Every structure is written in structure tokens, then in C-alpha cells.
Amino acid sequence: MVIIKHLHFPSNLYFYTKFQRMIRVRFAPSPTGPLHIGGVRTALYNYFFAKKQGGKLILRIEDTDQTRFVEGAENYIQESLEWSGIHFDEGPKQGGEFGPYRQSERKNLYRQYADQLINDGYAYYAFDTAEELQKMRETEEAAGHKFQYDSKHRKNLKNSLRLSKDEVQDKLDAGKPYTIRLLFPEDEEIVFTDVIRGEVKVHSSNMDDKVIFKSDGMPTYHLANIVDDHLMEITHVIRGEEWLPSAPLHVLLYRYLGWDAPEFAHLPLLLKPDGKGKLSKRDGDRLGFPVFPMEWTDPKTGEISSGYKESGYFPEAFVNMLAFLGWNPGDEREIMSMDQMTEAFSLDRCSKSGARFDADKAKWFNHEYLQQYPMDKLVTAFKELLKKETIEEVCDDYIEKVIKAIKDRANFVQDLINSGLYFFKHPESYEEKAVKKHWRENSASHIGLIADEFEKCEGWNSENLEDIVKTQIEKHEMAGGKIFNGIRLLMVGASSGPHLFDILEILGKEESIIRLRNGIERLRSLNQ
RNA sequence: CGCCCGUUCGUCUAGUUGGCCUAGGACGCCAGGUUUUCAUCCUGGAAAUCAGGGGUUCGAAUCCCCUACGGGUGACCA
């Protein structure tokens, strides 16, 4: 590849003719805050696309707007993507031969292309200040007209199209601030093909002369994006639908710069679960689900937004759920690994319409992953959480038994703790409702009788225990339901949990009998 | 308001080249069963006249047009 560059051959062209063009895609977030799950999904699709075709995935940080810089945002983005299992081949951290990968570090690269556009007559200097334009916009709108910096207005504004060469040079020499704007054609249908949507047409008269170079010496997104995509030899631009309206501008930029444009694919947006509009930061905490992959603390306000990671989602489940919002493999599989999804991925299986986020389905995905999760990892995670309950020194075998007994009704590891804490400590109290419903006058004596039988039990396992209890129920003509539920109450402290005799087996003989005896005492005093 | 994109059960969607669609699956919901608990499990059910209206065709969810609705965008933001 290096040799080819010396020969001034664009390497892509070389590969295109010789073999097949090397696929290169990029995810290009702006570090203005935490990465939204919609962004994660875009990164994910880029990842699938690249991996499927043996191509490269590039991370590029688009930080051309210095005023919107947010402390910690870039780091957050990198960590979130890493946690999600989306790995990049090139980027600020991993480097690469097309670097640097932060636009702020490429600053001096862009100006020459803006100059080239001016020299070729495709762009011009504009000396109007932001305030002047704002004022004009307001007065025009007040009069019921729309204001655009376009073919109608540009001849009356302060720019190099109207001003004489000398006037322009004077202003430049005087150091007057200016922007560089792209000169849009007056009457032309701009057409391009979107991989997902097909042919998209926009008439040039509906576009205005976009600023491509700002007065602060930085390019705007539009210029930087095109220059970098070209220099980095990006073959496919897969991004959110919010970019579709400016795609014609990008197409034009490629043409004016004399470059081949990459393929475009505009993904549909993630929508709010309720109401209108796209999913936003506020929706998450309002509706009780995270909008961000990881927890984020706003450096200015200190405001905390919850994350999937901290809410107990497995990254594999998170990514699986996200991938299915706008894509599916075409068969009836739903639980798929990163590799399986990569294998099945294709852009023409992406839907065109926005997907409403569904928190219930997200939980279901995690439930499914919890069932499959490697036991040793589950035990480790469980122990971590157990520490927070100030319970330590429990052997792994015991934890494993507990997890096996209760995981099928849990969505998160945290659920395992919430619904299984009684396996690690005596019930502190007995749920009032359950007591009322299941505890009778004679419960104490009947269950006491059963406890006596338990003492004699040799083979302490679920089946034997069930036999013992059933035998006693028959022998003494006890009310079966009350006995079962009564014992459960004394073991759990509530009327929930797995099969009763499995609970007894796990708890063990000694502990079970203690709970029975203690419980009987406590409930007796309660009844009086 | 202009421009662009979209529209199949409540939600995610299958359906891509018109016929096997009396529209399939999943989540959620409801009912029954099992478990003498339950947030599990099993079985079943309701749920989309394919946004509406016009065409084209022997035949349309699938093609065309119009309307409605939804979304995006309209910065010296990305």
C-alpha cells in the first residue's frame, strides 16, 4: 500500500481494479455529550457491515465545534463502544495509517480544499457577520418570507461574488472575519442513490449556500466530513437519517472536489416509546429505562443519566436488542450473538421507518441471556452484589445451587439477589398479607409436627422431603395448602420463590429446621 | 411553512422479484393447565379490512398517482 502511495495511485482505485475494493466504514460521533443508544446502533451496523465483508471500521472524532466541547465525552464514547463489544480497527486510541483521527488534530488539512473550491469557482468568501444574518432572517420572516443564503439573496450580501476583487482583497488584508460558502447551482436536480432508500432527489433551489469554513478557522462538519472520508478512503457512509437532508450538499462537495463519492446508507431513527419525536435524553428517566449505554454524569450540572451497564444489562443482550430495532436476519431467530448477527447482516434488510423503543422487550432480551449465561460468570457477578448486602464468605457451590433454582424468573443478576436473599439470611419479617392468607390457628402445631419429622430425616433432598410432608398431611388430615404455604412463609418470609422442597433442600436440614422453629415462635407471639 | 424520508397487530417486525397471505413470528396482554406459592413452564386466545382513496392487472400488503398522518431537516451545531 505504501508503494502505491508513492506512485500517486489512490490505493482504493488500485484494489478496485486489481481485486475488489477494500471496504472501509467509519463511525464519526461528536464529543458533545454522552453517546445515545441510537448512536450505538449506528456504530453497530457499521461494525457488522465492515466485519461481514472483511473490511475496516474506523472511529473518527468530529470535534470541529470548539464551543460544544464537553469534558469526558470522548472518553465516554470510547468506553461505551468498548463495553458494547464494538471494536475499531483504527481510531484515536488504536491509531492507524490514516490518522490523526480527531478532526481538531487535522485542523490544518482542510483549508487547502476550501481554497481549491474558491479557485475553481465553487465557493466564495462571505463577510456578513452572524449577527447581520440573524437580523436579516428575522426581518424577512416577520414579513412572511423565508431567508436563505441562496441565489436570490447572495447578490445583495457582502461576499466575493458581489464585491470587486480589490474590495475583497482589502477586507482580507484588513483581517476582517469571513466564512467560506459553497456556491450552489441555481437550477439543478441533485440526485443520488441511498442504499436503503433508493434514489433521492433534491432541487438545488431548495438548498442554501452552506458555510464550509467558519470564521474561527475551522471547517464545518460538511467540509471536514467529506475531506476526511475521502482521505481515509471510506467506501460506505452509514449514518442516521438526520443527515439525509444534507446529503445532496455532500454529493456536490465530492463532485466539486473532483472525488468519487462513497455509497450512502441513511438509517431510520429510534423513536420515543410514547408520543412523538425521536428518542431523547429526557425520555429515559421519565419512562424508567436508560437512553445511554453507560451512566453519565454531566460535568457542568452534575446531573446523572442512567446507563444499561449499571442497570444490569449484559452487553451482549443490549447489543442484540439494539440491532433488532430496525434490522432482522430474515428468519425467525431473535437471540443472536455478535458473530451470528455479523454473518446475517446486510443493509438491505434494514427497515426504512423509525423504530419505537420498547423497554419490555429490552428486558426480555436480558432475561434470555441470563438463562444462557456461563454459570461461573453469574456466580462472580452474584457475589459482587452480595457484598453490597454485607454477605460474604459463601461458597460458590451454594451460590450456584441458588442461582439455578431462581434464575428462570429473573431478568437481571440484581433480580437474583432481590428474590433470593432469603437463601443467605433468615427472613427478618413475614409479609403481612401472606401471614393473613396462609397462617391459621393450628399452623404452629401442624408445622411443628412436620419439623419433628424433619429432624428424623436421613436423606435430605427435595423428593424425600415432599414425601415426608405429604405423609404427615394425610396422617393428620391437615389442610395441604396451608401447610405448604405456611412452610414457605417461614423459609422465605413471603409467598414466592421456586418449588418449596427445592428451597428446603438448598437451605439444608439444620437451617430449615431453625427457620421452622423460630418462625413458629415468632408467629405465635404475633397471633396473641 | 419549504424540502426530504416514511406508513403491516399496542410495540419490534416477516412479507423484497405481484398469486402458496383466509397476512407469519416475537415482546406485551388475556384465558386455561401444571406447580397445593410465584415473576417460571406448557397450551390456547384476542390483536393489523396491510394509513385512506383512486388506478394498473385475471390477480396487489407488494407497482403507479393523490390525500392524510408520522418523522427528519431548514445554524459560522454535529
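Lettering of chains follows the sequences in order, A, B, ..., and the numbering in each one begins at 1. Values in this document were obtained by computation on a predicted structure and should not be read as measured data.
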Checklist entry - For Arg197(A), which contact category applies under a 4.0 Å heavy-atom criterion: base, sugar-phosphate, or nothing? => result sugar-phosphate

Checklist entry - Is the NZ or CZ atom of Arg111(A) positioned over Phe213(A)'s six-membered ring, under 6.0 angstrom from the centre and within 45° of the axis? => result yes

Checklist entry - If only side-chain N and O atoms of Arg349(A) are considered, is one of them under 4.0 Å from the OP1 or OP2 phosphate oxygen of G15(B)? => result yes

Next on the checklist: At less than 3.5 Å, do the side-chain atoms of Thr179(A) and the base atoms of C76(B) form a donor-acceptor pair?
Outcome noted: no

Checklist entry - Are side-chain N/O atoms of Tyr110(A) and Asp228(A) paired as donor and acceptor at under 3.5 Å? => result yes

Item to check | Residues in contact with RNA chain B, drawn from residues 360-373 of chain A - heavy-atom cutoff 4.0 Å | outcome: Asp360(A), Lys361(A), Trp364(A)

Next on the checklist: What is the separation between atom CG on Asn225(A) and atom C1' on C77(B), rounded to the nearest whole Å?
Outcome noted: 13 Å

Checklist entry - Below 4.0 angstrom from OP1 or OP2 of A75(B), is there any side-chain N or O of Thr220(A)? => result no

Checklist entry - Are Arg181(A) and Tyr149(A) in a cation-pi setup, meaning NZ or CZ lies under 6.0 angstrom from the ring centre and within 45 degrees of the ring axis? => result yes

Checklist entry - Can we say Asp358(A) and Lys361(A) salt-bridge, meaning some charged N sits less than 4.0 Å from an Asp/Glu carboxylate O? => result no

Checklist entry - How is Pro177(A) classified with respect to the nucleic acid when contacts are heavy atoms under 4.0 Å: base, sugar-phosphate, or nothing? => result nothing

Next on the checklist: Once you apply a heavy-atom cut-off of 4.0 Å, does Ala130(A) come out as touching a base, just sugar-phosphate, or nothing?
Outcome noted: base

Item to check | Base-pairing mate for A51(B) - Watson-Crick or G-U, with both contacts under 3.5 Å | outcome: U67(B)

Checklist entry - Over how many whole Å does the gap from Asp274(A) atom CG to G28(B) atom C1' extend? => result 16 Å

Next on the checklist: In this structure, how many angstroms lie between the C1' atom of G72(B) and the NZ atom of Lys272(A), rounded?
Outcome noted: 14 Å

Checklist entry - Rounded to the Å, how far apart are Lys352(A) NZ and C50(B) P? => result 19 Å

Next on the checklist: Tell me the interatomic distance from Leu500(A), atom CG, to U40(B), atom P, rounded to whole angstroms.
Outcome noted: 19 Å

Checklist entry - Do Glu188(A) and Lys201(A) meet the salt-bridge criterion of a basic N to acidic O distance under 4.0 Å? => result no

Checklist outcome for this item: Whole-Å distance, Trp439(A) CH2 to U37(B) C1', equals 15 Å

Checklist entry - At under 4.0 Å between heavy atoms, what does Ser30(A) touch on the DNA or RNA strands: base, sugar-phosphate, or nothing? => result sugar-phosphate

Item to check | Glu242(A) with Lys278(A): basic N within carboxylate O range, under 4.0 Å | outcome: no

Checklist entry - Using a cut-off of 4.0 Å on non-hydrogen atoms, how would the nucleic acid contact of Lys201(A) be classed: base, sugar-phosphate, or nothing? => result sugar-phosphate

Checklist entry - Quick one: do Asp298(A) and Lys300(A) make a salt bridge, cutoff under 4.0 Å? => result no

Checklist entry - For Lys214(A) and C77(B), is the shortest distance between a side-chain N/O and OP1 or OP2 below 4.0 Å? => result yes

Checklist entry - Have Asn159(A) and Tyr178(A) got a donor and an acceptor in their side chains that come within less than 3.5 Å? => result no

Next on the checklist: Using OP1 and OP2 only, check whether a side-chain N or O of Thr32(A) sits under 4.0 Å from C77(B).
Outcome noted: no

Checklist entry - Taking atom P of C3(B) as reference, at what distance in whole Å does atom CZ of Phe147(A) sit? => result 19 Å

Item to check | Side-chain ion pair, Lys272(A) and Asp283(A), N-O less than 4.0 Å | outcome: yes

Checklist entry - Looking just at side-chain N and O atoms, do His476(A) and Gln472(A) make a donor-acceptor pair shorter than 3.5 Å? => result yes

Checklist entry - Under 4.0 angstrom, heavy atoms only, what part of the nucleic acid is Phe324(A) near: base, sugar-phosphate, or nothing? => result sugar-phosphate

Tabulate atom names and distances for all N/O pairs under 3.5 angstrom spanning the protein and nucleotides 65-71 of chain B.
unit_1, atom_1, unit_2, atom_2, d
G70(B), OP1, Lys276(A), NZ, 3.0
G71(B), OP1, Gly277(A), N, 3.1

Next on the checklist: Within the supplied structure, the quantity of interest is the number of heavy atoms (other residues, nucleotides, ligands) at a distance under 6.0 Å from Gln112(A) CD; does it exceed 12?
Outcome noted: yes

Next on the checklist: So, OP1 or OP2 of U37(B): does either fall under 4.0 Å of a side-chain N or O from Asn485(A)?
Outcome noted: no

Checklist entry - Expressed as a whole number of Å, how far does the C1' atom of A14(B) sit from that of G25(B)? => result 7 Å

Next on the checklist: Categorize Gly326(A) for me: base, sugar-phosphate, or nothing, with a 4.0 angstrom heavy-atom threshold over every strand shown.
Outcome noted: sugar-phosphate

Next on the checklist: Can you measure Phe192(A) atom CZ to C5(B) atom C1' for me and round it to whole angstrom units?
Outcome noted: 10 Å

Item to check | C76(B) phosphate, OP1 or OP2, under 4.0 Å from Arg181(A) side-chain N/O | outcome: yes

